[in-house]
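Written below as structure tokens is the structure these notes are about.
Sequence positions, counted from 1, serve as the residue numbers for this chain.
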Amino acid sequence: MAISDAQFAEWLARDVDRVVLCELKFAYESGGALAEGTVYLSTRGYRTGSADTPANVAYHAVIAEVPGFERRIDVATLGGRALLSVDSMALDNDGSMDFMLDLIADGREARFYLGAPDWPRSDFRLAFVAVVHGVKADNDKRLTVDLLDKSYLINDAIIGDTIASGPNAGKPKPILLGRVKNFDLSAYLLDASALTYYVNNFALDSTFGTTIFPTVRDNGVSLTDTDLFFMDSGSTTANAGTDTITQVGHGLAVNDVVRFGGGGGSLFAGLSAATQYWVIAAGLTADDFRLSLTKGGAAVDITGTVISGSWACDRRRFYCYASTAIIELSSSPAGRVTLDMAVVDAGGDLGTATTPHRAFEYLLEHHTALAASEYDSTALGALDAAETSETSLYGRAILDRMNVLDLLDEIAVATYSWCGWTSAGVLTVGRFDLANIDGATAIDTITANDVYGDPACEQLPLEHGK
């Protein structure tokens, strides 16, 4: 019968024989594909039984020095990454462990388990997980396995793909997360003649440019004019032969970008709601206009002349391309082009554009080597839900190379939360309860027994005892 956690804790408190097992992963090629193997090490002789997992394995009794492992949260910073330290592991070597020097083990896990020599493998408890940084020979009798904490796997740079052509060729595309305000697009001009700008490094959700629009300004002036007019059966007609829409005093100009919303009925056949259309010069008068799916392109084929419901026409002087994350202006700007945007990734996750820890999880998913099982999605979801109810917002523009770990740390510090590794090697998160930090009194409440500021007498600090 397996021992309980309480029994294991009681065993830890006693002065008894213990054994440390290390299961160290390495990579190798098998049939042209990458495979993973395990080296089994221990502080003393240990062999698993046929009913154990792994079964019938003899651990090499070569661990001379067990690595120390420490993790703690630094409450002085009230947020950020947990502090971790991992020592190296020393192995005795009579020549039989020379193969360790040739293993492809860098970046692979080393899992350490603690138990008694006579226990079945299932009763051992995982003590901590480290990452192999390298193996070296100190001398003919001793090997050292350098270990790091698992932050090594996310201690990597995040940088946009290189712009291939145009005036900013060779410069990285920006990476936007969350809600970004007053972002300068002028530095990311792609084509001066086409008036196109990169707004992000990755594809955006298809609602970009349909139901979700950024705010674009030219020299501080918005390029958006919402609810320009309403189309309905009483004020709007269509000519299916000329593909012309008639709306008295529509106010549209060449290269305006329009979209129809609202409804409760149907548009003229050939038009679709929540689709971006360009106003073209052909057939444009004070009361008539034609639409195209491309700038200056052929008119959309209108095949019906019946409209029902009431449809609001929104006008913008820019076009949004979701798949390439590009903004195209309708006309040359007078000054600096800036943008406000709630960034939604290609998966359509609206949370990426709102709460800080959804952006945190997005970074783990897309910009680290971690598998989904290596971060605590439940804890992340709990913080995401709390931040949603509090209307917590986050926004960041990465303009050049940045360290992913530093970015995660930034999110944690900004939200009075922390992130760190569990003993099982899973990245988890939590948050300080600042409203009840002393368990009874809110942090912003001063009572008679609280000390507020530095005690002083006649502006001189008081020493202890005075």
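Of all heavy-atom pairs between Leu339 and Pro214, the closest is CD1-CB, 3.8 Å. Between Ser151 and Leu405, the shortest heavy-atom distance links the atoms CB-CD2, 4.1 Å. Nearest heavy-atom pair, Val180 versus Ala397, reported as atom, atom and distance to 0.1 Å: CG1-CB, 4.4 Å. For Val132 against Ala110, the heavy-atom pair with the smallest separation is CG2-CB, 4.2 Å. The nearest pair of heavy atoms linking Leu34 to Ala27 is CD1-CB, 3.8 Å. Of all heavy-atom pairs between Phe69 and Val86, the closest is CD1-CG2, 3.4 Å.
Proximity of a side-chain donor or acceptor of Arg259 to a complementary backbone N or O of Ala312 within less than 3.5 Å is not detected. A donor-acceptor pair under 3.5 Å is absent between the side-chain atoms of Asp218 and the main chain of Leu223, judged by distance alone. Side-chain N or O atoms of Thr236 include none that pairs as donor or acceptor with a backbone N or O of Ser233 at under 3.5 Å. The backbone N or O of Pro67 sits nowhere less than 3.5 Å from a side-chain atom of Asp87 that would complete a donor-acceptor pair. When atom types are taken as modelled, the side chain of Ser417 and the backbone of Arg431 share no donor-acceptor pair closer than 3.5 angstrom. With hydrogens and angles disregarded, a donor-acceptor distance shorter than 3.5 Å links the side chain of Asn201 to the backbone of Asp161. Side-chain atoms of Asp191 come within 3.5 Å of backbone N or O of Ala194 as a donor-acceptor pair. At distances below 3.5 Å, not a single donor-acceptor pair connects side-chain atoms of Asp256 with backbone N or O atoms of Val279. With hydrogens and angles ignored, the 3.5 Å screen pairs a side-chain donor or acceptor of Thr422 with a backbone N or O of Val426. For Asp243 (side chain) and Asp301 (main-chain N/O), no donor-acceptor pair under 3.5 Å exists by modelled atom type.
Applying the ring pair (Phe, Tyr, Trp, His ring centres under 6.0 Å) test to residues at least two apart or on different chains, the pairs with a partner in residues 164-192 are Phe183-Tyr188. For residues 262-282, the set of pairs meeting the side chain to side chain donor-acceptor pair (under 3.5 Å) definition, not counting sequence neighbours, comprises Ser266-Ser308.
Inter-residue side-chain proximity for Asp314 and Val258 is flagged as unmet; no heavy-atom pair is nearer than 4.5 Å. The shortest distance between side-chain heavy atoms of Glu410 and Met402 falls below 4.5 Å. Contact annotation: the side chain of Val131 never approaches that of Arg108 to less than 4.5 Å [non-hydrogen atoms, C-beta and beyond]. Side chains of Glu23 and Glu109 form no contact here, defined as non-hydrogen atoms less than 4.5 Å apart. Taking 4.5 Å as the limit, some side-chain heavy atom of Val337 sits within range of a side-chain heavy atom of Val216. Between Thr415 and Glu387, some side-chain heavy-atom pair lies under the 4.5 Å cut-off. Taking 4.5 Å as the limit, every side-chain heavy atom of Lys173 sits out of range of all side-chain heavy atoms of Ile398. A 4.5 Å side-chain heavy-atom check between Val300 and Leu271 finds at least one atom pair inside the cut-off.
Between the side chains of Thr285 and Asp287, no donor-acceptor pair is found at a separation under 3.5 Å. Remark: the Arg217 side chain and the Ser222 side chain contain no N/O donor-acceptor pair separated by less than 3.5 Å. In the model, Tyr321 has a side-chain atom that pairs as donor or acceptor with a side-chain atom of Glu328 under 3.5 Å. Counted by atom type alone, Thr244 and Asp288 present zero donor-acceptor pairs between their side chains at under 3.5 Å. Asp340 and Thr215 share no side-chain donor-acceptor pair at under 3.5 Å.
Within the model, atoms CG of Leu370 and NE2 of His367 stand 13.0 Å from one another, a figure rounded to the nearest 0.5 Å. Rounded to the nearest 0.5 Å, atoms CE (Met341) and CG (Asn182) are 13.5 Å apart. A distance of 9.0 Å separates SG of Cys320 from CG of Leu204, quoted to the nearest 0.5 Å. The structure places CD of Glu361 at 11.5 Å from CG of Leu408, a figure rounded to the nearest 0.5 Å. Put simply, CG on Asn239 and CZ on Phe268 are 10.5 Å apart, with the number rounded to the nearest 0.5 Å.
Looking at residues two or more places apart in sequence or on another chain, you find a side-chain contact (heavy atoms from CB on, under 4.5 Å) between Asp146 and Ser88, His133, Lys136, Thr144.
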Pair Leu126-Val129, side chain to side chain contact (heavy atoms under 4.5 Å, CB included): steps then yes or no: CA-CA 8 Å; Leu126 180 62; Val129 179; 4.0 Å; yes
Worked check of side chain to side chain contact (heavy atoms under 4.5 Å, CB included) between Val39 and Met100: CA-CA 9 Å; Val39 178; Met100 293 280 294; 3.9 Å; yes
Worked check of side-chain hydrogen bond (donor to acceptor under 3.5 Å, both in side chains) between Asp156 and Asn403: CA-CA 6 Å; Asp156 198 3; Asn403 189 285; over 6 Å; no
Audit row: Asp384, Arg358, salt bridge (Lys or Arg N to Asp or Glu O under 4.0 Å) steps and yes/no: CA-CA 6 Å; Asp384 180 28; Arg358 187 59 200 94; 5.5 Å; no
Intermediate values then yes/no, salt bridge (Lys or Arg N to Asp or Glu O under 4.0 Å), Arg125 and Asp5: CA-CA 9 Å; Arg125 295 297 195 270; Asp5 290 343; 3.0 Å; yes
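Using cut-offs of 30° and 60° for the angle between ring planes, the Phe128 and Phe112 rings count as parallel.
Geometrically, Arg179 does not engage Tyr394 in a cation-pi contact, judged by NZ or CZ lying under 6.0 Å from the ring centre and within 45° of the ring axis.
Side-chain rings of Tyr113 and Phe124 stay apart, their centers remaining 6.0 Å or farther from each other. For an aromatic pair to be called close, the ring centres must be under 6.0 Å apart, and Phe202 with Tyr362 satisfies this.
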